[in-house]
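Data first, discussion second: the structure below is written as structure tokens.
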Amino acid sequence: MRIILLGPPGCGKGTQGDLIQGKYGFPRISSGDLLRDSVQRGTPLGLQAEAFMNQGELVSDDVVVGMIQERIGREDCQGGFILDGFPRTVHQAERLLEIDHGRDEIVLDIRVDDQAIIERLSARRICSGCGSIHTLREAAAKEPGACHACGGSLIQRDDDKSEVIQRRLKVYRTQTTPLEKYYREKNVYHAVEGQGRIEEIFARIEAVLERSVPGLALKAEASAKR
Ligand code: ADP
Ligand code: ZN
């Protein structure tokens with residue numbers, strides 16, 4: 001099973017992807033996390049990607065496809081996986097079929113309007129210690145500037161600065177939304193209302209998954225045993 005999460009930046013794909021991973025056992029693969037990791041390690045791929053990411057532009061398809069291909073070729077992905085942030089263009093979706101053909105797929109599009117996105121991303125901070133995601137108001141209430149899980153300092157992603165947020169949204173609306181039509185035509189597309197409490201949204205996702213993928217819980221068990 002291949003679960004593809006679509007939705008604008010800051011729609012909650014990462015949070016919901018982690019919950020899906022926790023319940024069904026499939027590993028969540030985030031193209032953004034893989035890229036940020038390459039940037040931090042200063043690999044050639046990271047050096048190539050960094051400027052595009054900081055400007056809110058997409059990294060080239062070849063770079064991203066190669067990176068995803070390497071990741072999903074590993075043992076833990078054999079029984080299925082969750083893709084967060086990939087594919088982001090119709091061309092990437094076509095390449096995905098080439099590198100991982102013959103697998104069932106389901107697409108969950110987490111819908112959140114632009115105004116809510118801008119508010120969320122401007123308030124988003126990442127823990128430099130454990131990588132967890134915080135919303136400024138909530139984080140500041142507990143212990144200003146520090147992660148309540150590990151005490152690490154909270155930092156803002158370079159691309160969460162307001163000019164870059166606008167650009168990322170624009171890139172999403174022009175380059176990624178054509179995937180809706182693409183996946184609707186393949187009959188694997190499901191829209192999920194992405195506003196509300198985290199648990200409410202996850203309940204919507206569980207309902208779609210369990211309705212659309214018969215035996216999902218069993219498949220997940222098989223994959224967890226590997
Ligand atoms: P968000 O979805 O919140 O914008 P991500 O962490 O998914 O954040 O991505 C951050 C950046 O990484 C993107 O703005 C883009 O530059 C790059 N990126 C991530 N995934 C892809 C992809 N599939 N294709 C091209 N670029 C990507
Ligand atoms: Zn932390």
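Indexing begins at 1, ligand by ligand and atom by atom, following the structure's order. Just so you know, these numbers come straight off a predicted model, no measurement behind them.
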- Task: Write out the residue and atom name of the closest protein heavy atom to atom 8 (O) of ligand 1, then the distance separating them to 0.1 Å.
- Result: R157 NH2, 3.1 Å
- Salt bridge flag under 4.0 Å for residues D76 and R74: no
- Item | Ligand-side contact atoms (ligand 1) for residue partner V64, heavy atom cut-off under 4.0 Å | 22 (C), 23 (N), 24 (N), 25 (C)
- Taking atom 24 (N) of ligand 1 as the reference point, the nearest protein heavy atom with its distance: Q92 NE2, 2.9 Å
- Query: How close does the nearest protein non-hydrogen atom get to atom 20 (N) of ligand 1, and which residue and atom is it?
  - Reply: S31 OG, 2.7 Å
- Message: Please determine whether H148 has a backbone or side-chain N, O or S atom lying under 2.8 Å from the Zn ion (ligand 2).
- Response: no
- Is the shortest distance from a heavy atom of H91 to ligand 1 less than 4.0 Å? no
- Message: I'd like to check L108 versus I20 (side-chain heavy atoms, cut-off strictly below 4.5 Å). Are they in contact?
- Response: yes
- Protein heavy-atom partner closest to atom 3 (O) of ligand 1 - residue, atom, separation in Å: R168 NH2, 2.8 Å
- Message: Are more than 12 heavy atoms, taken from residues, nucleotides or ligands other than Y182, located less than 6.0 Å from that residue's OH atom?
- Response: yes
- Message: Given the Zn ion (ligand 2) as the apex, I'd like the angle to SG of C150 and SG of C127, rounded to 10 degrees.
- Response: 90°
- Query: Looking at atom 9 (O) of ligand 1, what's its closest protein heavy atom, distance included?
  - Reply: R88 NH2, 3.4 Å
- Message: Testing R95, R2, R71 one by one against D100 for a salt bridge (Lys or Arg N to Asp or Glu O under 4.0 Å), which residue passes?
- Response: R2
- Query: Would you call D160 and R168 a salt bridge, using N to O less than 4.0 angstrom?
  - Reply: yes
- Query: For ligand 1, is there an atom lying under 4.0 Å from some heavy atom of Q55?
  - Reply: no
- atom 18 (N) of ligand 1 [closest protein heavy-atom partner, distance rounded to 0.1 Å]: L35 CD1, 3.4 Å
- Would you kindly specify which portion of E50 sits under 4.0 Å from ligand 1, judged on non-hydrogen atoms: side chain, backbone, both or neither? neither
- Query: Atom CG of N187 and atom CD1 of I106: how far apart are they, to the nearest 0.5 Å?
  - Reply: 11.5 Å
- Query: Can you list the ligand 1 atoms lying under 4.0 Å from a non-hydrogen atom of R124?
  - Reply: 3 (O)
- Message: Do D104 and V213 have side chains that approach each other closer than 4.5 Å (heavy atoms only, starting at C-beta)?
- Response: no
- Item | Side chain proximity check, D18 to F202, heavy atoms < 4.5 angstrom | no
- Item | Backbone or side-chain N or O of S30 under 3.5 Å from ligand 1 N or O | no
- Identify whether the distance between the nearest side-chain nitrogen and carboxylate oxygen of K181 and E185 falls below 4.0 Å. yes
- Query: If you draw a 6.0 Å radius around CD1 in I198, do more than 12 non-hydrogen atoms from other residues or ligands fall strictly inside?
  - Reply: no
- Message: Using a 4.0 Å cutoff against the non-hydrogen atoms of G10, which atoms of ligand 1 qualify?
- Response: 3 (O)
- Identify, for atom 11 (C) of ligand 1, the protein heavy atom at the shortest distance, and state residue, atom and that distance. M53 CE, 3.9 Å
- Return a yes/no value for G85: is any of its N or O atoms, backbone included, closer than 3.5 angstrom to an N or O of ligand 1? yes
- In the protein, which heavy atom is nearest to atom 16 (O) of ligand 1, and how far is it? E57 O, 2.6 Å
- Message: Within ligand 1, which atoms have a heavy atom of K13 less than 4.0 Å away?
- Response: 2 (O)
- Rounded to the nearest 0.5 Å, what's the gap from CZ on F86 to CD1 on I4? Could you check? 8.5 Å
- Nitrogen or oxygen of V59 less than 3.5 angstrom from that of ligand 1: yes
- Note on the structure: In terms of heavy-atom contacts, G32 and M53 come closest through O-CE, 4.2 Å
